[in-house]
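First comes the structure, then the notes that go with it.
Numbers restart at 1 for each chain; the letters A, B, ... are given by sequence-line order, proteins then strands.
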Number of protein chains: 2
Amino acid sequence: MWLQLMFMLSKTCEYALRAMIYVAQQSRNGKVVNIKEISENIDSPELFIGKILQGLSKQGFLKSSKGRYGGFFISEKDAKTSLADIIIAIDGDKMFKGCGVGLAYCSDINPAPFIMNIKQLGV
Amino acid sequence: MWLQLMFMLSKTCEYALRAMIYVAQQSRNGKVVNIKEISENIDSPELFIGKILQGLSKQGFLKSSKGRYGGFFISEKDAKTSLADIIIAIDGDKMFKGCGVGLAYCSDINPAPFIMNIKQLGV
DNA sequence: AGATATTAAGATATTTTTATCCTATTTAAA
DNA sequence: TTTAAATAGGATAAAAATATCTTAATATCT
């Protein structure tokens with residue numbers, strides 16, 4: 001069974017994931033994509049996603065080539081990266097720790113995904 | 001079965017939930033608590049949580065009393081408020097909509113809690 | 001009535017996140 | 001070799017989130 005996690009990601013991280021997924025798709029077809037194309041397809045500010053990918057590229061999550069017909073691409077090997085690793089690279093691992101509410105029953109051993117339902121304050 | 005949701009809340013929202021839970025606990029013992037006590041117990045900036053509770057109080061999530069021996073408290077009725085309502089009051093409902101990654105398979109009908117596991121870019 | 005302790009409210013300050021600008025460097029095609 | 005198109009990198013700007021300050025209003029105790 002899959003554990004369903006719903007995240008609130010930073011804009012930066014959201015753009016990054018969308019971009020990485022888009023580049024990965026294109027790379028499977030052997031295509032190198034430039035920032036303009038990426039930003040148009042994932043609906044993000046062009047220069048901003050440029051900066052983000054520049055950073056991810058430095059960290060080795062994808063490759064870039066400069067110059068005419070340059071752009072970004074993801075090798076078969078890099079495509080094995082889990083989305084979680086990208087999230088951690090950008091937003092850090094705070095998301096995977098603690099429950100965000102800081103109740104007593106949250107700990108490292110029981111990192112308390114915040115049980116939400118119909119739980120009321122008074123119970 | 002309970003659905004497990006793990007959130008990244010804004011600081012404001014995190015403080016708010018912790019404060020509300022603390023006040024609710026104290027109110028069950030008939031105790032009115034002031035900002036200083038609250039901030040010490042939930043580890044938040046005193047003036048900041050003051051502002052936050054001031055807002056929640058205006059919206060009717062809890063009661064306040066001014067003057068000496070004043071403070072905040074939550075009636076039995078108000079204690080029925082769900083944490084989700086407080087989150088929405090502060091962070092809005094964006095958290096309950098969309099998947100944050102904006103993939104094609106996310107929609108209003110299928111609001112795609114972000115399936116996370118070992119999913120890889122390349123699959 | 002006076003002193004003290006509390007929330008209310010508006011203004012302001014600080015920090016972080018998001019976004020843009022400008023110039024340099026690189027590459028390929030003409 | 002020149003030109004055009006692309007990323008790299010550093011600086012800056014704008015917006016949003018977080019935090020604090022100051023004064024006013026209110027309530028309680030003596």
Self-check item: Between C1' of D:dA27 and NZ of B:K63, the distance in whole Å
Solution: 19 Å
Quiz prompt | Gap between atoms NZ and C1', on A:K58 and D:dG10 respectively (whole Å) | solution = 10 Å
Quiz prompt | Contact summary for A:I87 and A:C13, nearest pair of heavy atoms | solution = CA-SG, 3.7 Å
List, with names and distances, any nitrogen or oxygen atoms from the protein found under 3.5 Å away from nitrogen or oxygen atoms belonging to nucleotides 26-30 of chain C.
{"from": "C:dT26", "atom 1": "O2", "to": "A:G67", "atom 2": "N", "distance (Å)": "3.3"}
{"from": "C:dT27", "atom 1": "O2", "to": "A:R68", "atom 2": "N", "distance (Å)": "2.9"}

Practice problem: Round to the nearest Å and state the distance from A:I35 atom CD1 to C:dC21 atom P. | Solution: 14 Å
Quiz item: Closest approach of B:N34 and B:G70, non-hydrogen atoms and distance?
Solution: CB-O, 4.0 Å
Quiz item: With both distances kept under 3.5 Å, what pairs with D:dC21, Watson-Crick or G-U wobble?
Solution: C:dG10
Exercise. Measure the shortest side-chain to side-chain distance between A:I21 and A:L83 over non-hydrogen atoms and say whether it is less than 4.5 angstrom.
Key: yes
Practice problem: Answer with yes or no whether the hydrophobic clustering places B:L56 together with B:V32; edges join I, L, V, M, F, W, Y residues whose side-chain heavy atoms lie under 4.5 Å apart. | Solution: no
Quiz item: Looking only at atom types and distance, does a side-chain atom of A:N29 sit under 3.5 Å from a main-chain N or O of A:K31, one as donor and one as acceptor?
Solution: no
Quiz item: Looking at B:I90, B:D85, B:V23, B:I74, which hits side chain to side chain contact (heavy atoms under 4.5 Å, CB included) with B:F61?
Solution: B:D85
Practice problem: May I have the distance from A:L56 (atom CG) to D:dA8 (atom P), rounded to whole angstrom? | Solution: 11 Å
Practice problem: Verify, without hydrogens or angle tests, whether B:N41 (side chain) and B:E37 (backbone) share a donor-acceptor contact under 3.5 angstrom. | Solution: yes
Practice problem: Ignoring backbone atoms, test whether B:T12 places a side-chain nitrogen or oxygen under 4.0 Å from the OP1 or OP2 oxygen of D:dA17. | Solution: no
Practice problem: Check the distance between D:dA17's P and A:K11's NZ and give it to me in whole angstrom. | Solution: 11 Å
Quiz item: If you draw a 6.0 Å radius around CD in B:E76, do more than 12 non-hydrogen atoms from other residues or ligands fall strictly inside?
Solution: no
Quiz item: Over how many whole Å does the gap from B:K36 atom NZ to C:dT6 atom P extend?
Solution: 8 Å
Quiz item: In residues 38-54 of chain B, which ones come under 4.0 Å of DNA chain C, going by heavy atoms?
Solution: B:K51, B:Q54
Practice problem: Please tell me if the side chains of A:T12 and A:F48 come closer than 4.5 Å, counting only heavy atoms from C-beta onward. | Solution: yes
Quiz prompt | For atom OH of B:Y15 and atom P of D:dA17, their distance in whole Å | solution = 15 Å
Quiz item: For the pair made of CG in B:L62 and P in C:dT7, what is the distance, rounded to whole Å?
Solution: 11 Å
